[in-house]
Amino acid sequence: MAAKKLCEAYSKSLLDEAHRWGGLKQTGVSLKYMMEFGSRPSERNLLISAQFLHKELPIRIARRAIELENLPYGLSEKPAVLKVRDWYLDSFRDVRAFPDIKDATDERDFTQMIKAVKVRHNNVVPMMALGVQQLKKDMKQKVVTEDLDEIHQFLDRFYMSRIGIRMLIGQHVELHNPNPPPHCVGYIHTRMSPVEVARNAIEDARAICLREYGSAPDINIYGDPSFTFPYVPTHLHLMVFELVKNSLRAVQERFMDSDKVAPPIRIIVADGDEDVTIKVSDEGGGIPRSGLPKIFTYLYSTAKNPLDENSDLGIADNVTMAGYGYGLPISRLYARYFGGDLQIISMEGYAQTHYLDEAIESRELTLMSPEDVGLDVLTN
């Protein structure tokens, strides 16, 4: 995974251009506007969208590339981080090299190009995780997660920005779908059933558990499947998938050598006047009190780390039950992206409860409709 120094791999003019674009102001796009604009994917609207992305994506991508150059503790020099930096610089170069978009043909070509950019960045999360592991391995003294608070703050910013970039690209690309699913405006489903999305996530998580352990605890879900609201199904699927995966592993490992039948995991989907709450509860033994402050850091996991120096992350994205230490913090970012939150309540020796909460007053994972989010969620 060797990566050359900046001066060797990229021209000075490209690097200077990246720094110049990275200093420009980003333009916010509200989700409400994206829904209204995307509901009419005419040739003219697609052209306007592509022209906007042609100017906006270089700013956002350049900012991340520049930030990757100046990380603390020498993290910027780790081979995995250098590879991620190269992905961002390559993408910046590709977008900037594309000529002005003047007609429908240009727009279609541009769409194919940014689609390839999105694919290039598919494995940014595990590759950055590998970079952090390389840092921990190389540090002489024992690393305490609290000592790397600066890195945690950077990763929060970095991944939140990644969510925004991928949302912008994915929304534009999906508007080209000639046969979109009913009630879908790009990535946004205007009548999404959280119960149905949760069921799909449950099936996927149980399949992983069955593959690794040979069996999987039952999961009971409670809620009205006919209740719908506007949201991004892929985001909700990711969050529920990660939470259920955590619960499955905890219950499975606690009861796999026991004569007792593993108790089922319980998921409750509750719709309120202003938000939707999803609660995931299990009896997998909980988390020690000393571990609670660490669960939303990027260096904490109770499972064996699946990453190593030989991980070929450029080819496949193999899903494992646990070990990256990124499932919970990334899920919380996805919840917060639309104004929500993820909170954990744990009773050591008994159970833990995951709350996805976009209304922070309660201890739940609450999902707010993009229509109701007053802030600009794409300016990160």
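FYI, side chains are in, hydrogens and waters are out, and symmetry mates aren't considered; it's all heavy atoms of this structure. For this chain, numbers begin at 1 and follow the sequence in order.
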Side chains of [X] and [Y]: closer than 4.5 Å at any heavy-atom pair?
X    : Y    : answer
E150 : F154 : no
L243 : K279 : no
L130 : V81  : no
H189 : P181 : no
R85  : L82  : yes
P329 : T297 : no
F98  : I114 : no
F255 : P263 : yes

For [X], look at atom [atom1] and say whether over 12 heavy atoms of other residues, nucleotides or ligands are found less than 6.0 Å away.
X    : atom1 : result
Q153 : CD    : yes
K118 : NZ    : yes
R191 : CZ    : no

Would you say the side-chain atoms of [X] pair up with the backbone N or O of [Y], donor to acceptor, closer than 3.5 Å?
X    : Y    : answer
E107 : L47  : no
Y187 : I169 : no
Q51  : I101 : yes
Q171 : V185 : yes
R63  : L24  : yes
H172 : L168 : no
T190 : P230 : no
Q26  : R60  : no

What residues form a side-chain hydrogen bond (donor to acceptor under 3.5 Å, both in side chains) with [X], not counting sequence neighbours?
X    : result
R96  : E17
E67  : R64, R157
D204 : H237

> Is the H54 ring parallel, tilted or perpendicular to the F110 ring (thresholds 30°, 60°)?
Replying inline: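 Rings of H54 and F110: perpendicular, over 60°.
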> Which of parallel (below 30°), tilted (30 to 60°) and perpendicular (above 60°) describes H235 and Y334?
Replying inline: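 Because their plane-to-plane angle is over 60°, the rings of H235 and Y334 count as perpendicular.
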> With ring centroids as reference points, do H121 and Y88 lie under 6.0 angstrom apart?
Replying inline: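 Here the rings of Y88 and H121 have centres that are less than 6.0 Å from each other.
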> So, are E283 and R266 salt-bridged, with charged N and O less than 4.0 Å apart?
Replying inline: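 Result for this pair is yes, salt bridge flagged.
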>> Assess whether a salt bridge exists between R206 and E203, defined as any Lys/Arg side-chain N lying under 4.0 Å from an Asp/Glu carboxylate O.
In response: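 No.
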Please name the pair of heavy atoms, one in [X] and one in [Y], separated by the smallest distance, quoted to 0.1 Å.
X   : Y    : answer
S91 : R120 : OG-NH1, 2.9 Å
S76 : L68  : OG-O, 2.7 Å
V29 : F52  : CG2-CZ, 3.5 Å
E56 : T27  : OE2-N, 3.0 Å
K78 : G131 : CG-O, 3.8 Å
F37 : S49  : CE2-CB, 4.0 Å

Starting from [Y], can I reach [X] by hopping between I/L/V/M/F/W/Y residues whose side chains sit under 4.5 Å apart?
X    : Y    : value
V125 : I165 : yes
L53  : L175 : no
L210 : I265 : no
M128 : I163 : yes
M34  : V173 : yes

Would you give the length of the straight line joining atom [atom1] of [X] to atom [atom2] of [Y], rounded to the nearest 0.5 angstrom?
X    : Y    : atom1 : atom2 : result
W21  : I66  : CH2   : CD1   : 12.5 Å
L135 : Y73  : CG    : OH    : 9.0 Å
I61  : L89  : CD1   : CG    : 10.0 Å
T234 : M192 : OG1   : CE    : 10.0 Å
M160 : I330 : CE    : CD1   : 9.5 Å
F338 : L236 : CZ    : CG    : 10.5 Å

> Step by step, would you call I208 with L248 a side chain to side chain contact (heavy atoms under 4.5 Å, CB included)?
Replying inline: CA-CA 10 Å; I208 301 297; L248 284 169; over 6 Å; no
> So V132 and H152, side chain to side chain contact (heavy atoms under 4.5 Å, CB included) or not? Walk me through it.
Replying inline: CA-CA 10 Å; V132 173; H152 296 308; over 6 Å; no
>> Test side chain to side chain contact (heavy atoms under 4.5 Å, CB included) on V117 and L57; report intermediate values, then the result.
In response: CA-CA 11 Å; V117 165; L57 288 177; over 6 Å; no
> Which residues pass the salt bridge (Lys or Arg N to Asp or Glu O under 4.0 Å) test with K12, sequence neighbours left out?
Replying inline: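 Partners of K12 under the salt bridge (Lys or Arg N to Asp or Glu O under 4.0 Å) test: D16.
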> Who pairs with D90 by salt bridge (Lys or Arg N to Asp or Glu O under 4.0 Å), at least two apart in sequence or on another chain?
Replying inline: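 D90: salt bridge (Lys or Arg N to Asp or Glu O under 4.0 Å) contacts with R93.
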> Only one of I202, D282, V195 clears side-chain contact (heavy atoms from CB on, under 4.5 Å) with I267; which?
Replying inline: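 Looking at I202, D282, V195, the match for I267 under the side-chain contact (heavy atoms from CB on, under 4.5 Å) is I202.
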Determine all donor-acceptor pairs shorter than 3.5 Å in which one atom belongs to a side chain in residues 215-224; sequence neighbours excluded.
unit_1	atom_1	unit_2	atom_2	d
S215	OG	Q252	NE2	2.8
D224	OD1	S226	N	3.0
D224	OD1	S226	OG	2.7
D224	OD2	S226	OG	3.0

>> Under a plain distance cut-off of 3.5 Å, with no hydrogens placed, do E242 and Y326 share a side-chain donor-acceptor pair?
In response: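 Y326 vs E242: no donor-acceptor pair found between side chains.
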>> Between N200 and V240, is the side chain to side chain contact (heavy atoms under 4.5 Å, CB included) condition met? List the steps.
In response: CA-CA 9 Å; N200 292 333; V240 176; over 6 Å; no
